Structures are given as structure tokens and as C-alpha cells.
Amino acid sequence: MNIHEYQARDLFEKFGVASPRGKMASTPREAEIAAQELGTEKIVIKAQIHAGGRGKGVFTNGFKGGVHTCSRPEEIREMAAKMLGQTLVTHQTGPAGRMVNKVYVVEAAEIAKELYLAILLDRASSAPVVIASTQGGMDIEAVAAQTPEKIFRESVHPLLGLQPFQARKLAAALGLHGPQAAQAAKLILALYKLFITCDCSLVEVNPLVITKTGEVLALDAKFNFDDNALYRHPEIVALRDFTEEDPREVEASKYCLNYIGLEGNIACLVNGAGLAMATMDIIKHCGGEPANFLDVGGSATKEQVAAAFKIILSDPNVKGILVNIFGGIMRCDIIAEGILAAMQETHLPVPLVVRLEGSNANLGKKLIKDSGLAVISADSLADGAEKIVAAVKAQAA
Ligand code: ADP
Ligand code: MG
């Protein structure tokens, strides 16, 4: 799960991570009032979307930049009017961009230096790692590719946690001395505490800045939370912004289905993540494009399968469906019942290929056959993939 920058700022405040004061606004007038209340000479207005690269982003109406500095509240109002309700495209949003429903009005920092700081879970060492770089404010992937020596990593012992000496080491690697090094070390330790306490999988501060008056401040914030730990954090779940998520994925999560929407036109309904990956691979191998990843799990109910089928059918890009079930704990008749339950209200608008193997496969096949649904039956994964790709192509021809 992700959150917005303005929500992240509240967490920063709670954990003592220094960052500028700000206020979220969802109308131009609210933005103007927020700017008046801040009362600072310079104010920054920032589009709130779950993607970075906003500064260099472009709105689909041609307006440039999702981050602007203004000096008067009226200017903030005008700027908010140009951003709100518009779609911002950045290198992280993809060409479709994201609708801006909120802006963040925040004190401007007088930046002397932009640095990079992140904490994430390093799967190679199975431990958190703090990453810092003097090359802040820019695309860190490019820094990692072109000048990897400018990226410092400090691995953290999962039980002992980040030690003060490690935070000081990172501050030194960032080229900081004296009071600034102390401030940076304090900020890094506070950020680590936040990372662990909130079960984050990533916290990225780009840029972390040194101001002209010598303060160390977090100016941007990107958070990822571990979905498996969200049950421990109802206060974080409350921050979820459904308008930022794929509606198909939101619906799937209500039924505890592992669904990821993709760009292709062949939908897959599979049990088991590995089998789902293999199914997507073989669809591509046969010249098709998967419309989604969908793992209904090993113990799905008829209701979950029906919900999964409806989510698949709600995608207008879907031109064919491949159901690939290897029944173990999952019984094939449950899958068949789920499909039939989903089909009760509508006719089948696209070709459907079903491959059932394993527990109660024959019963499942019989249920589908007796229903009179126009189902193409397949004997193996390869057979199923070939049949659905051919059926979709024949339909398009
Ligand atoms: P993004 O990463 O999405 O482009 P940032 O929050 O990093 O958005 O903002 C882009 C740039 O705008 C920053 O690198 C910084 O130079 C400037 N900026 C952002 N917030 C502030 C602020 N509060 N005061 C001054 N400059 C800012
Ligand atoms: Mg940034």
C-alpha cells in the first residue's frame, strides 16, 4: 500500500523526522487559505499522486510541472486551479498519467544541497538497508547505473536495529560535518524507527535537503507498506486512497484475491501464483498478451471464484478467458460452480477455454458441460493457451 506525501508528513512529525510545515487542499480556495495560514514568504504547491517525478511531469492539458514555488496566496490559488482535476504524466505514471485530486501547500525550503536517503528491505541480505547518496533530487536509478560509487549502503541488523554509529557513518558519507552531521544522524535514526514501527517495505526521501540556514529537512516522501502487516496498522489502512488504485484490484482485494491488472486481452483465472506466472508465460509464448495475473489461491470458495470471474469480465479489454486449474486442495467442481454462479446473470461475451486437472476434475467438467455454456475444453496447459489465442484471433478476424 502507498500513501500521499501530505499523509507521510504526518508520520514524519509523529516520529520526529524534520520536514517543512504544510497543508493538503482539494480546492483552489482551500489552497489559498492554506498558503495564507502558512504565512511564509515563499510557498510550494505540489500535486498529490502516488508517483514520483512530479517536478518534471507534464499535465495532459500541456501545463508543465507538478511542483511550483509561489510567493502570494492568490498565485497558489491560480496554480491549484491549473492542477486540480487535471491528469499529470510523469516517468513513473506511465503514458495514461494520474488525476490530481489534491495538492499539498507547503513552506518553501531554501535549498543549498539535495541529497538522497532511503530505507528498504534488502531481500539478498534479508535485512533492512539504509541507502544514501549525495546525488539527491534526481533519478536515483540513473545514479546507480552511471555512478554506482556515489551510492552508500548500510545494512541493519534486524534485531539490534540501526545503531547511532551507523547513522553517523551515513551522515559522513553524505559529506556532512558538525551540527549538520548530528542533525542528519538524528533524522536517519528517526526515519528508521518509523520504517520498523509502521512495517514499511520502503521509505524514500528524495530530496533530503540541507538548507541555506543549515537545517536538514526531508522535502519529499515515498512510502510502501507491507500489505501482510497492514492488519497491525488500522491507522495506516485508513490513509488508503482508492482513487489512486486500479478499481479492478480494489474489488479483488475485497475478496482476498491476488489480482494484478495488465494491458493484454487474454484474462487468466488460475490457482497458485507459480501456475499463474506459467500461464501468463505460455499465453505470450503462443502469441497472446495476458490481461491480468490472477491467483484465486488454494482454498477459494465458490463466491471468490464468482467474484474473480466478474472482475475479469468487467475489463473491456478482455477478448478471451483461460481458466487453468490444477486441483490439489482446490477442487475443480468449486471452480466450475464459481464460474457458473458468475455467469448466471449474463451470457458469456468472449471465448472461454477451461483446463481442469486434479481433484474432482471430471465433476467440474461435467458441471460446465451440463450448464450448456459455450466452453472450449483443453487437455493441457499448452493446449489451453493455443486454443484461447486462436479463439481470440479468430474473433478479431
Ligand atoms: P518529485 O520527486 O515527485 O518530482 P519532489 O517533492 O522531489 O517531487 O519535488 C521536486 C523538486 O522540487 C525537489 O527536488 C526540490 O528541488 C523542489 N521542492 C520540493 N518541495 C520543496 C519545498 N518544500 N521547498 C523547496 N523546494 C521544494
Ligand atoms: Mg522527489
Side-chain angles (χ1 to χ4, degrees), residues 2-3 5 7-22 52 106-107 109-141 143-144 147-226 229 233 236:
N2 301 332
I3 56 173
E5 180 189 10
Q7 298 168 320
R9 211 261 158 186
D10 291 341
L11 289 177
F12 280 171
E13 188 159 30
K14 196 164 150 202
F15 284 84
V17 176
S19 63
R21 287 181 308 138
V106 57
E107 279 178 325
E110 277 205 274
I111 303 174
K113 221 190 263 173
E114 298 201 31
L115 309 168
Y116 177 92
L117 178 67
I119 307 175
L120 52 111
L121 208 57
D122 177 24
R123 290 175 200 282
S125 60
S126 309
V129 62
V130 184
I131 295 184
S133 175
T134 50
Q135 307 305 101
M138 50 181 99
D139 186 1
I140 197 69
E141 286 83 2
V143 179
T147 47
E149 71 282 1
K150 292 198 169 143
I151 295 188
F152 305 96
R153 298 165 61 94
E154 188 67 28
S155 194
V156 185
H157 190 290
L159 290 181
L160 300 179
L162 185 71
Q163 300 296 302
F165 82 88
Q166 293 183 294
R168 288 196 296 271
K169 205 165 130 191
L170 284 157
L174 288 172
L176 304 176
H177 309 281
Q180 271 160 24
Q183 271 189 62
K186 187 170 161 243
L187 187 148
I188 295 169
L189 286 166
L191 193 69
Y192 185 78
K193 179 135 196 259
L194 196 179
F195 175 87
I196 291 296
T197 311
C198 296
D199 287 311
C200 300
S201 49
L202 169 84
V203 175
E204 186 184 55
V205 178
N206 187 22
L208 173 76
V209 302
I210 312 297
T211 67
K212 289 188 178 149
T213 49
E215 279 178 297
V216 182
L217 295 176
L219 274 210
D220 189 12
K222 178 179 175 171
F223 275 73
N224 284 166
F225 297 93
D226 181 346
H233 305 284
I236 288 167

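Computed from a predicted structure; not experimentally measured. Counting begins at 1 with the first residue of the sequence.
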- Applying ring pair (Phe, Tyr, Trp, His ring centres under 6.0 Å) to Tyr192 and not counting sequence neighbours gives none
- Can you tell me how far the CG atom of Asp139 sits from the OH atom of Tyr116, to the nearest 0.5 Å? 10.0 Å
- Query: In Å and rounded to the nearest 0.5 Å, what is the CG to CG distance from Leu191 to Leu208?
  - Reply: 9.0 Å
- Message: Is any side-chain heavy atom of Ile151 closer than 4.5 Å to one of Ile140?
- Response: yes
- Message: What verdict does the side chain to side chain contact (heavy atoms under 4.5 Å, CB included) test give for Leu117 and Leu187, after you've listed the backbone C-alpha separation in whole Å, the side-chain angles of each residue and the deciding distance to 0.1 Å?
- Response: CA-CA 10 Å; Leu117 178 67; Leu187 187 148; 3.8 Å; yes
- Message: Between Gln135 and Val143 (side chain of the first, backbone of the second, donor and acceptor by atom type, cut-off under 3.5 Å), is there such a pair?
- Response: no
- Message: Does any part of the side chain of Phe223, heavy atoms only, come nearer than 4.5 Å to the side chain of Leu11, both counted from C-beta?
- Response: yes
- Query: Looking at residues at least two apart in the chain, or sitting in another chain, which of them share a side-chain contact (heavy atoms from CB on, under 4.5 Å) with Ala190?
  - Reply: Val17
- How long is the span from the CD1 atom in Ile210 to the CD atom in Gln183, to the nearest 0.5 Å? 7.5 Å
- With distance as the sole test, does Asn206 use its side chain to make a donor-acceptor pair with the main-chain N or O of Gly137 at under 3.5 Å? yes
- Pairs where residues 159-179 contributes a residue and the test salt bridge (charged side-chain N to carboxylate O under 4.0 Å, His left out) is met, not counting sequence neighbours: Glu154-Lys169
- Item | Lys186: partners by salt bridge (Lys or Arg N to Asp or Glu O under 4.0 Å), with sequence neighbours left out | none
- Query: If you look only at pairs with a residue in residues 173-184, which of them pass as a salt bridge (charged side-chain N to carboxylate O under 4.0 Å, His left out), with sequence neighbours excluded?
  - Reply: none
- Arg9 meets the salt bridge (Lys or Arg N to Asp or Glu O under 4.0 Å) criterion, sequence neighbours left out, with Glu13
- Query: Which heavy atom in Cys198 sits nearest to a heavy atom in Ile236, and how many Å separate them?
  - Reply: CB-CD1, 3.7 Å
- Message: For Gln163, I'd like to know if atom CD has over 12 heavy atoms of other residues, nucleotides or ligands within 6.0 Å.
- Response: yes
- Note on the structure: Rounded to the nearest 0.5 Å, the CD atom of Glu215 sits from the CD atom of Gln180 at a distance of 10.0 Å
- Minimum heavy-atom distance Ala109-Thr211, with the two atoms named: CB-CG2, 4.2 Å
- Note on the structure: In short, Leu176 meets Ala184 closest at the heavy-atom pair CD1-CB, 3.5 Å
- Query: If every non-hydrogen atom of Ala218 is compared with every non-hydrogen atom of Pro20, which pair is closest and at what distance?
  - Reply: O-CD, 3.4 Å
- Query: From Cys200 SG over to Leu120 CG, what is the distance, rounded to the nearest 0.5 angstrom?
  - Reply: 11.0 Å
- Can you name the side-chain contact (heavy atoms from CB on, under 4.5 Å) partners of Lys14, sequence neighbours left out? none
- Counting only N and O atoms by type, is there a donor-acceptor contact under 3.5 Å from the side chain of Glu114 to the main-chain atoms of Ile111? no
- Note on the structure: The reported gap from CG in Asp226 to CG in Leu202 (rounded to nearest 0.5 angstrom) is 12.0 Å
- Message: Which residues pass the side-chain contact (heavy atoms from CB on, under 4.5 Å) test with Ala127, not counting sequence neighbours?
- Response: Ser125, Ser155, Pro158
- Item | Any Asp199 side-chain heavy atom under 4.5 Å of His233 side chain | yes
- Item | Residues in side-chain contact (heavy atoms from CB on, under 4.5 Å) contact with Ser201, at least two apart in sequence or another chain | Asn224
- Item | Contacts of Ser126 that satisfy side chain to side chain donor-acceptor pair (under 3.5 Å) - sequence neighbours left out | none
- Taking only residues two or more places apart in sequence or in another chain, which ones pass salt bridge (Lys or Arg N to Asp or Glu O under 4.0 Å) with Glu107? Arg21
- Item | Minimum heavy-atom distance between Ala167 and Ile188, given as atom pair plus value | O-CD1, 4.0 Å
- Residues in salt bridge (Lys or Arg N to Asp or Glu O under 4.0 Å) contact with Asp122, at least two apart in sequence or another chain: Arg153
